[in-house]
Every structure is written in C-alpha cells, then in structure tokens.
Amino acid sequence: MSDRDPQPVERQLPTEEARDLLALVREIARREIAPKAAEEEDAGRFPREVFTLLSESGLLGLPYDSEYGGGDQPYEVYLQVLEELAAARLTVGLGVSVHTLASYALAAYGSKQQQVEHLPAMLGGGLLGAYCLSEPASGSDAASLRTKAVRQGEDWVVNGTKAWITHGGIADFYTVMARTGAEGSHGITAFLVPGDAEGLGVAVPEKKMGMKGSPTAQVHFDDVRVPDERRLGEEGQGFAIALSALDSGRLGIAACAIGLAQAALDEAVGYATGRHQFGHPIADFQGLRFMIADMATQIEAGRSLYLAAARLRDAGRPFAKQAAMAKLYCTDTAMKVTTDAVQILGGYGYTADFPVERYMREAKVLQIVEGTNQIQRMVIARHVAGPESR
C-alpha cells in the first residue's frame, strides 16, 4: 500500500558500543527474523536456528557478567535489544526474555563453582532455558505451589507438574521452584534441572490464540533426581529468588510489549499513508491522525517508563514498583495499539494478509504472563498505599 519504510526508533544509548549492538540486532532482525515470522507463526514453528545465531552473536547473555560469557550490558541496553527483537517477531523477543529469566537464579544466587560450571554454556553455548514456577493450581498464588523435592542422600527427588512453561519440551535446562519445607513462601527452593533429566516429561503443547511458534506446555517431574550441587541458593530461599527474578523479567515483558506496539504502529502508518479514499490518503483524515498520534504517544510513554525502571535497576536502587508499573502500562498499551492498528486497516486488518491481526492476538498474552495485570495493580497499590489491612 505504501513505499514508506518505518523509521528506526530514536534511542538514547549510553555508549558507542551500545549503538553498534543495536545496529547489529536490527540487521539480524531485518535479515533473519522478520521475513519468516508470519509463515512460521502460522505453521507453529519455533525458530531454534535463530536462537543459535543469537547465542553465537552474544545476544543471549547481554545483562550478565562477561567472565561467564555474558555481555556486561546494563538493563537499559538489554531491554532495547529485546524491543527490537520483539518488533520483528514476538516469539523471539519473548524467548530471549524467558531465557534471561531462567538464567537469573544461577547468575544472581549460584555459587562461584556453579557459575563457572554452568553459566558459559547457558549464556553463549547455544543452550536455551525455561523458568518453572506456575502450576495447574497455583498461578497468581505462586507460593501455594505443590511440586515437591525430597532429600535423599546427596540428591533431591522432584515430583510434580509445572504449567504454562515457555520453551517446555525444547529447553536445555529448567530453573525449577519446588517445595522442600513447610507450606507457604518459606518452604520453597530453587533447582537447576537438565532438560534431558530422567523422569522429566512434557505434555502436548497448549493450543494458543497467538504466539503459536513459541511452545507452551506442562512439564512433569516423575522422581527426577537432582544433585544437591544443582540447588540454587539456600534451602527455603527459592520464593525470594523467584520474586527477584520476576521483577527483572517484568521489564523484559514491558520491552517486548513496546516492540510489538511499535511494529503495529509502523504497519498502520504505512497503510494509512498509502491507502486512498475520497481522493486523499486516509492518513489525511483527522480521525485517523488523532488515533496515530495517540498510539505514538502511548508507545513513547511506555518506552520511557520501562527505561526509567531499568536505570534504577542499573544503579542498584529498588525498582519493583516501577517494574510492575512498566509491565502494566506497556502491555495494556500493546493491546490498545494493536487493536487500533486493526481498526485503521479496516477489513484488511482482520485478514492474515497483514500482520496486525497477529499482533493483536499476540498482545493479549502479554497482559497475562509473569503476573497478570491485576496482580501488577496489587503490587503497585501495596507500594503506594501499604499492605492490605486484612
């Protein structure tokens, strides 16, 4: 409809290295990810070769220590990389975010020996991770999880089922939260479980509204033996590790949401400037111009919000409230912007010939994963108004 190419996002980056990094990511996205996105999502195909390329390019461990194969990049930079990847294909952007989340427990709480032994392969050795917290009966109430790990000599024996696991069945390692003590949040411990562990099984992937190329499945643990040397942190520290990981992970979801929204805006503007009605491009009509202006403003506000939270994190300051705000606002923005993009394209927007219908379906999951937006509102309210009185 239009020869107008989308303009690259104007970014404030802290170093020349970061600018070069974003240029590399844009080139990979343009050449290797975007051209196949629609076809592969429709076919439900996971692009493992893309993740191999990202690992070889040093893009799967950006916020972690270079001593272990990471990129030594601040979250401010890492999140903007996620945004670019998600704009090309959400399955890829979200997959990198989940892998980073799965690597967090070891990078932040593992012993030096554990980090030396496992992190290099996880960050730059082509491995892919998954994060196992949710269960069929414990989603928002994650502290009520039932998967158990029982000590037997130098091993732990894990039994239970995890649900809604991104990369379930294709991951090379799983960061698993299991109950090792009493009920409640203080009886949970974190473990690093190999993807090929005996007794680990995976159900048929869920049939989803969107992100069909990203497998989401239940993961079953049937007497899976995990050596104590793969326990991460102290016994009973697992829930605190999980919450700490999710604070950072929510920023990853926020960045992915803005990337998806930006892709929808670019498509809508390209269509509106090329589609003529009544002798004029429809982008000339005030009703659509105001929609486009609102979409662009919401995206820019969301980007500023997640970057402000990232800069707090990089400075070593508390950022949990701001992470919840960013996740809430950016994912709600993605849902609204993608819906408006479908409206701007009209009947064409409702067809699979244009990507905005896929963007709209994909945006919905971002309001749900890593803490629903209702949970984000609870977190924010506790920071602002204090805990509930009940």
Side-chain angles (χ1 to χ4, degrees), residues 12 63 74-80 82-83 86 94 97-98 100-101 104-105 108-109 131 133-134 138-145 164 177 183-186 188 237-262 294-340 363-390:
Q12 296 181 1
Y75 245 65
E76 172 187 3
V77 173
Y78 157 68
L79 293 178
Q80 294 184 79
L82 280 188
E83 184 188 329
L94 189 71
S97 180
V98 168
T100 303
L101 176 69
Y104 175 86
Y109 292 89
Y131 180 79
L133 176 62
S134 294
S138 66
S140 296
D141 183 15
S144 67
L145 64 84
W164 311 112
M177 306 301 162
E183 296 296 315
S185 61
H186 297 294
I188 297 169
Q237 193 180 15
F239 195 66
I241 293 173
L243 293 185
S244 179
L246 286 174
D247 284 340
S248 296
R250 285 165 181 163
L251 291 181
I253 299 301
C256 287
I258 293 303
L260 185 66
Q262 184 69 56
D294 287 345
M295 294 159 75
T297 301
Q298 291 154 7
I299 290 169
E300 197 64 39
R303 184 176 291 122
S304 297
L305 190 57
Y306 86 64
L307 286 173
R311 287 165 184 145
L312 286 175
R313 185 190 189 281
D314 290 335
R317 296 171 58 188
F319 68 100
K321 177 182 74 173
Q322 289 80 3
M325 288 177 169
K327 198 275 183 182
L328 168 65
Y329 183 83
C330 293
T331 59
D332 280 354
T333 290
M335 193 72 249
K336 185 175 189 311
V337 167
T338 55
T339 302
D340 286 348
K364 187 62 209 175
V365 76
L366 299 175
Q367 296 178 301
I368 298 170
V369 296
E370 294 193 30
T372 66
N373 283 5
Q374 286 69 35
I375 290 294
Q376 304 313 312
R377 289 176 169 89
M378 291 172 63
V379 171
I380 295 163
R382 285 171 187 157
H383 280 280
V384 175
E388 297 90 336
S389 58
R390 56 181 170 80

For this session: With rounding to the nearest 0.5 Å, note down the distance linking CD in Glu83 to CD1 in Ile299.
Result: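 Going from CD on Glu83 over to CD1 on Ile299, the span is 8.5 Å.
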Exercise. Could you state the interatomic distance from CE (Met335) to CD (Gln367), rounded to the nearest 0.5 Å?
Worked result: 6.0 Å
What heavy-atom pair brings [X] and [Y] nearest, and what distance separates the two atoms?
X      : Y      : answer
Cys330 : Gly302 : SG-O, 3.3 Å
Gly238 : Met177 : O-SD, 3.5 Å
Tyr329 : Ala301 : OH-CB, 3.7 Å
Pro318 : Leu312 : O-CD1, 3.8 Å
Asp247 : Ala323 : O-CB, 3.4 Å
Ala255 : Leu79  : CB-O, 3.3 Å

Problem set entry | Glu76: partners by salt bridge (Lys or Arg N to Asp or Glu O under 4.0 Å), with sequence neighbours left out | Arg311
For this session: Name all residues meeting the salt bridge (Lys or Arg N to Asp or Glu O under 4.0 Å) criterion together with Asp314; count only those two or more places apart in sequence or in a different chain, and write none if there are none.
Result: none
Problem set entry | Working for side chain to side chain contact (heavy atoms under 4.5 Å, CB included), residues Val98 and Val369 | CA-CA 11 Å; Val98 168; Val369 296; over 6 Å; no
With sequence neighbours excluded, what pairs up with [X] under the side-chain contact (heavy atoms from CB on, under 4.5 Å) test?
X      : answer
Ala143 : Asp141, Ser185, Phe239
Ala105 : Thr175, Leu232, Ile241
Ile380 : Ala324, Met325, Leu328, Val384
Ala326 : Leu251, Ala254, Leu305, Tyr306

For this session: Sort and list the pairs that fulfil salt bridge (charged side-chain N to carboxylate O under 4.0 Å, His left out) and have at least one residue in residues 366-378, not counting sequence neighbours.
Result: Asp332-Arg377
For this session: Sorted by first residue and then second, give each salt bridge (charged side-chain N to carboxylate O under 4.0 Å, His left out) pair with at least one member in residues 318-327; sequence neighbours left out.
Result: none
Problem set entry | Flag side-chain contact, heavy atom, 4.5 Å: Leu307 against Ser304 |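 No. Closest side-chain heavy atoms not under 4.5 Å.
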For this session: For the residue pair Leu133 and Leu246, establish whether any side-chain heavy-atom pair is separated by less than 4.5 Å.
Result: yes
Using the side-chain hydrogen bond (donor to acceptor under 3.5 Å, both in side chains) criterion, which residues pair with [X]? Sequence neighbours excluded.
X      : value
Tyr104 : Ser244
Ser248 : Arg313
Gln374 : none
Thr100 : Tyr78

Problem set entry | Thr331 and its side chain to side chain contact (heavy atoms under 4.5 Å, CB included) partner, picked from Ile258, Leu366, Leu260 | Leu366
Problem set entry | Leu94/Leu82 under side chain to side chain contact (heavy atoms under 4.5 Å, CB included): CA gap, chis, key distance, verdict | CA-CA 8 Å; Leu94 189 71; Leu82 280 188; over 6 Å; no
Exercise. Is the number of heavy atoms from other residues, nucleotides or ligands under 6.0 Å of Gln12 CD greater than 12?
Worked result: no
